[in-house]
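The figures that follow rest on heavy atoms only: side chains count, while hydrogens, waters and symmetry mates do not.
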Amino acid sequence: MKKELQEKLVGFPIEEFRHNLLSWYKAEKRDLPWRMDQDPYKIWVSEIMLQQTRVDTVIPYFHNFIEKFPTIEALATADEEDVLKAWEGLGYYSRVRNLHAAVKEVKEVYGGIVPNTPEEISKLKGVGPYTRGAILSIAYDIPEPAVDGNVMRVFSRILSIWEDIAKPKSRKTFEDATYELISKEDPSSFNQAVMELGALICTPTSPSCLLCPVREQCTAFEEGVQAELPVKSKKKKPKPLQMAAVVLYDEQGKLYIHKRPSSGLLANLWEYPNVEIDADSEKTYREQLNQFLLEEYTVEADLSELVGTVEHIFSHLIWNISVFVGKINNQPNKDLLPVTLEELQKYAFPVSHQKIYRLYEAEGTAGR
DNA sequence: TACTCGTGGCT
DNA sequence: TAGCCAAGAGT
C-alpha cells in the first residue's frame, strides 16, 4: 500500500463509517431485480449488463434475459443468434459474446457452478477485476474489493484521494482502501452500499452531502472540496465518419442484410449494406455506394435519391449515414442474406441500423 | 498505457 | 446544446 494512503487511514473512523454506511444501505437500498436472491449466475449477468450502463436501462433487459435464459445450462446451450438478440440495443456487444463463452466454460469445466476463487473466476472471459470482486463479494460473501466508478468517486471524497481516476493504475489505491474499510461480516452489503451511495447520494455533480450518512466521516466534505473530487482527466472527442447505407429490397418484398465480422465494432450484428464515403472523391455518395454494392456483393440495384440521414454517436466515433433504398435486380453473393419482414425480427441490429430501417419504412408508406 | 468498444439520459 | 456520464474489459 502507498504511504499516503496508509497515512490517510490512520485515525480514520472505520467502525463509524461502516456502521453508518450499512445502516443507510439496509434502510434505503433500491429494490432491484438482481437483489432478489444470491444466485451467482443472475448476479453475474447483472454485473456484465451494468458495465458502463445505467440501472434503469438494464432492468428490462435483465428481466427479459433471465426469462429467456434462466440458468447457466439454458444460456450455455442457447444459440448465439438468440443470445445476441436479447442484448440488442444494450451496446458493448462483446460483453454478451464473452459471457456466452464463459458460461459454456462454467458448464463444462466447473460442472455448471460459478467458481468462487479469484484465480478461477478471473480466467472467465469478460470477467475483469471489478466483476471478479463483485461476484465474489455479492454472491459468495467473500471480502474482495469491487472497484467501479462509484467506488472511486466515493472513496476519493471520503479519503481525499487526488489521483486521476481515469488512469488505470489508480485503481490499486482504491482496492487497497477497500481492503481496509470493507466489512468482513457483510462484504456483499458493504460493496453494494458504496456503489449505492455513489449512485444516489455521492453523485458526480452536485452530491447530496446534507443527506449523506457518512458526511461526518468524509474528509472532502470537512474541507469543502467535495465538488473538486474525484480528479478525472477528459477523454478525446469522437471522430466523425461519413457513411452511405442502402436498404435493398426485391420483387417479393424481401430485404437484404449482412452479418458483420466476428471481431471489432458491433461484431456479429446484422446491418444494411453500407460503406465509408470518400469525401474527396469526384463521385457522388450514390455512385460510391453503387460501386461498393457491385464489388462487395455483385449487386446491381436501382438506388433511390437520398431518403434521409442517420447520425449515430459511439464512444469514439460518429457515423453520419446517408440512407438510400434500392430495388435489387440480380442475385447477390452469399454475403447478403434475403429475409422476409417476419424473419427480420430474429436478427440483432445495432441501433444505428434500426434507425436506417425506420427511414425505409417511412419511405415505403410514403410512396413505394 | 492508451485505445477500442454502444447507448441513452442528464445538465 | 455539446459534453459528460454509467456497477469495465480486452488488447
Can you name the ring pair (Phe, Tyr, Trp, His ring centres under 6.0 Å) partners of A:W24, sequence neighbours left out?
-> none
Results of ring pair (Phe, Tyr, Trp, His ring centres under 6.0 Å) for A:F65 - residues two or more places apart only | A:F69, A:W87
Report the residue from A:I356, A:N320, A:V351 that forms a side chain to side chain contact (heavy atoms under 4.5 Å, CB included) with A:H312.
-> A:V351
Where do N or O atoms of nucleotides 5-8 of chain B meet protein N or O atoms at under 3.5 Å, pair by pair?
unit_1, atom_1, unit_2, atom_2, d
B:dC5, OP1, A:L265, N, 3.2
B:dC5, OP2, A:H316, NE2, 3.0
B:dG6, OP1, A:Y92, N, 3.4
B:dG6, OP1, A:Y93, N, 2.9
B:dG6, OP2, A:L266, N, 2.4
B:dG6, O4', A:Y92, N, 3.0
B:dG6, N7, A:Y92, OH, 3.3
B:dG6, N7, A:S315, OG, 2.4
B:dG6, O6, A:Y92, OH, 3.0
B:dG6, N1, A:Q52, O, 2.9
B:dG6, N2, A:Q52, O, 3.2
B:dG6, N2, A:T53, OG1, 2.9
B:dT7, OP1, A:Y93, OH, 2.8
B:dT7, OP1, A:V351, N, 3.0
B:dT7, OP2, A:H312, NE2, 2.7
B:dG8, N2, A:R54, NE, 3.1
B:dG8, N2, A:R54, NH2, 3.2

Pairwise P distance for B:dT4 and C:dA7, with rounding to whole Å | 23 Å
Result block: side-chain N/O donor-acceptor pairs under 3.5 angstrom for residues 197-215 of chain A, not counting sequence neighbours:
unit_1, atom_1, unit_2, atom_2, d
A:T203, OG1, A:T205, O, 3.2
A:T203, OG1, A:S206, O, 3.4
A:R215, NH1, A:L210, O, 2.9

With sequence neighbours left out, write down each residue that passes ring pair (Phe, Tyr, Trp, His ring centres under 6.0 Å) with A:F221, or none if nothing qualifies.
-> none
Taking distance alone, no hydrogens or angles, what donor-acceptor pairs closer than 3.5 Å link side-chain atoms of residues 124-135 of chain A to residues at least two apart or in another chain?
unit_1, atom_1, unit_2, atom_2, d
A:Y130, OH, A:E47, OE1, 2.6
A:T131, OG1, A:Q51, NE2, 3.0
A:R132, NH1, A:S122, OG, 2.9

Residues two or more places apart in sequence or in another chain: which of them pass salt bridge (Lys or Arg N to Asp or Glu O under 4.0 Å) with A:E196?
-> A:R30, A:R35
Near-strand residues of residues 225-242 of chain A, defined as heavy-atom separation under 4.0 angstrom from DNA chain C | A:K232, A:K234, A:K237
Under 4.0 Å between a side-chain N or O of A:S46 and OP1 or OP2 of C:dA7?
-> no
Under the side chain to side chain donor-acceptor pair (under 3.5 Å) rule, collect the residues that match up with A:K254, sequence neighbours excluded.
-> none
Who passes ring pair (Phe, Tyr, Trp, His ring centres under 6.0 Å) against A:Y347, sequence neighbours left out?
-> A:W270
Going by the angle between their ring planes, with limits at 30° and 60°, are A:F17 and A:F155 parallel, tilted or perpendicular?
-> tilted
Note: for A:I138 and A:V127 on DNA chain C, the residue whose nearest nucleotide lies more 5' is A:I138
Nearest-angstrom distance, P atom, B:dC3 to C:dC4 = 16 Å
P gap between C:dA2 and B:dC5, integer Å = 25 Å
Listed once per pair and sorted, the side-chain hydrogen bond (donor to acceptor under 3.5 Å, both in side chains) pairs that draw on residues 135-144 of chain A, sequence neighbours left out | A:Q38-A:D141, A:S137-A:N191, A:E144-A:Y179
With a 4.0 Å heavy-atom cut-off, tell me which residues in residues 150-187 of chain A come close to DNA chain C, sorted by residue number.
-> A:N150, A:R153
